[in-house]
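For reference, the structure is listed below as structure tokens.
Residue numbers run from 1 in the order of the sequence given.
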Amino acid sequence: QVQLVESGGGLAQPGGPLRLSCVASGITLDDYVIGWLRQFPGKEREGVSCLRYRDRWTYFAEYVDSVKGRVTISGDNTKNTVYLQMNTLKPEDTAVYFCAAVPKAVVGRDCPLRPSQFDSWGQGTQVTVSS
């Protein structure tokens, strides 16, 4: 059974950093693609970034244009954890952030960013950017 647990959300200052963590259990990161997605109030979920391991130690990532240069996704497969480092936060980054997973076998070579492409979800963590 796949379980994803996010942490690290909270109140952050505009311009400041925040790091989210997603601890996965029941899967290995080698076999799954992990994504970070977010949901603004009253809106549908949207993709932020995804991470896909090429082999045991290296991975590649994709980002939506709105966060490129401000957000870095990273993985530590010794801890089965994926991180989302967000810098230069803006009030418009305020959202609930979700970690999601899908088997590589399902998405082929893709590193998906659409919510519909993921089949396991964490409970989400609230990020509020405000002074």
Side-chain angles (χ1 to χ4, degrees):
Q1 182 179 359
V2 180
Q3 286 193 320
L4 303 168
V5 179
E6 304 98 333
S7 62
L11 179 64
Q13 295 286 322
L18 200 66
R19 189 177 81 158
L20 307 181
S21 300
C22 171
V23 179
S25 58
I27 62 172
T28 61
L29 299 185
D30 296 356
D31 297 328
Y32 277 71
V33 177
I34 304 296
W36 279 99
L37 302 96
R38 63 186 177 184
Q39 187 167 17
F40 301 111
K43 302 288 188 181
E44 298 290 321
R45 290 180 192 180
E46 63 176 45
V48 177
S49 181
C50 70
L51 180 148
R52 181 190 177 101
Y53 272 85
R54 292 189 181 97
D55 53 40
R56 183 82 175 111
W57 305 113
T58 65
Y59 53 82
F60 71 90
E62 295 282 355
Y63 301 91
V64 293
D65 288 344
S66 60
V67 304
K68 284 180 180 176
R70 299 192 299 120
V71 167
T72 303
I73 193 170
S74 62
D76 183 346
N77 55 12
T78 66
K79 298 180 180 179
N80 237 31
T81 300
V82 175
Y83 304 97
L84 190 72
Q85 176 69 45
M86 300 188 291
N87 299 319
T88 321
L89 283 164
K90 305 175 181 179
E92 50 264 42
D93 292 317
T94 295
V96 179
Y97 285 72
F98 295 90
C99 175
V102 61
K104 285 183 182 177
V106 172
V107 294
R109 292 178 176 270
D110 198 10
C111 193
L113 289 171
R114 293 195 303 275
S116 61
Q117 293 176 287
F118 293 93
D119 57 15
S120 297
W121 292 83
Q123 81 287 353
T125 185
Q126 175 70 47
V127 171
T128 302
V129 183
S130 174
S131 55

Problem - Spatial distance of atom OG (S120) from atom CD1 (I34) [nearest 0.5 Å] - result: 8.5 Å

Problem - Close side-chain approach of S49 to V67, heavy-atom, < 4.5 Å - result: no

Problem - Whichever hydrophobic residues join V23 through chains of side-chain contacts under 4.5 Å - result: none

Exercise for the section: Please round to the nearest 0.5 Å and tell me the distance separating atom CD1 of I27 and atom CG of N80. Expected result: 6.5 Å

Problem - Common cluster, V33/L37, ILVMFWY with side-chain heavy-atom separation under 4.5 Å - result: yes

Exercise for the section: Could you tell me whether the side chain of R45 reaches within less than 4.5 Å of the side chain of W121, counting heavy atoms only? Expected result: yes

Handout entry: Test applied, side chain to side chain contact (heavy atoms under 4.5 Å, CB included); reference residue, V82; option that passes from L29, L4, N77
Key = L29

Problem - Residues that S25 engages under side chain to side chain contact (heavy atoms under 4.5 Å, CB included), provided they are two or more places apart - result: Q3

Exercise for the section: Return each pair, listed once, that meets ring pair (Phe, Tyr, Trp, His ring centres under 6.0 Å) where at least one residue sits in residues 11-41; pairs must be two or more places apart or across chains. Expected result: none

Side-chain donor-acceptor distances from residues 91-114 under 3.5 Å, at least two apart:
residue: D93; atom: OD1; partner: R38; partner atom: NH1; Å: 3.1
residue: D93; atom: OD1; partner: R70; partner atom: NH2; Å: 3.0
residue: D93; atom: OD2; partner: R70; partner atom: NH1; Å: 2.8
residue: D93; atom: OD2; partner: R70; partner atom: NH2; Å: 3.4
residue: D93; atom: OD2; partner: K90; partner atom: N; Å: 2.8
residue: T94; atom: OG1; partner: P91; partner atom: O; Å: 2.9
residue: T94; atom: OG1; partner: V129; partner atom: N; Å: 2.9
residue: Y97; atom: OH; partner: R38; partner atom: NH1; Å: 3.0
residue: Y97; atom: OH; partner: D93; partner atom: O; Å: 2.6
residue: K104; atom: NZ; partner: D30; partner atom: O; Å: 2.7
residue: K104; atom: NZ; partner: Y53; partner atom: O; Å: 2.5
residue: D110; atom: OD2; partner: Q117; partner atom: NE2; Å: 3.0

Donor-acceptor pairs under 3.5 Å, side chain of residues 7-21 to any protein atom, not counting sequence neighbours: which ones?
none

Problem - Donor-acceptor contact below 3.5 Å, side chain E6 vs main chain Q123 - result: yes

Problem - Residues which pass side-chain hydrogen bond (donor to acceptor under 3.5 Å, both in side chains) with S74, listed by chain and number, not counting sequence neighbours - result: none

Practice task
Under 4.5 Å between side-chain heavy atoms, chaining through other members, with only Ile, Leu, Val, Met, Phe, Trp and Tyr counted: pull out the rest of the cluster around F60, sorted by chain and number.
Solution key: none

Problem - Set of side-chain hydrogen bond (donor to acceptor under 3.5 Å, both in side chains) partners for S116, sequence neighbours left out - result: none

Fill in the blank from the handout: Excluding W57, membership of its hydrophobic cluster (Ile, Leu, Val, Met, Phe, Trp, Tyr; side-chain heavy atoms within less than 4.5 Å) reads none

Handout entry: Under 3.5 Å: donor-acceptor pair, side chain of Y63, backbone of I73
Key = yes

Exercise for the section: With sequence neighbours left out, write down each residue that passes side-chain hydrogen bond (donor to acceptor under 3.5 Å, both in side chains) with S131, or none if nothing qualifies. Expected result: none

Practice task
Not counting sequence neighbours, which residues clear side-chain hydrogen bond (donor to acceptor under 3.5 Å, both in side chains) with D119? List them please.
Solution key: none

Practice task
Sequence neighbours left out, what passes salt bridge (charged side-chain N to carboxylate O under 4.0 Å, His left out) with K68? Give chain and number order.
Solution key: D65

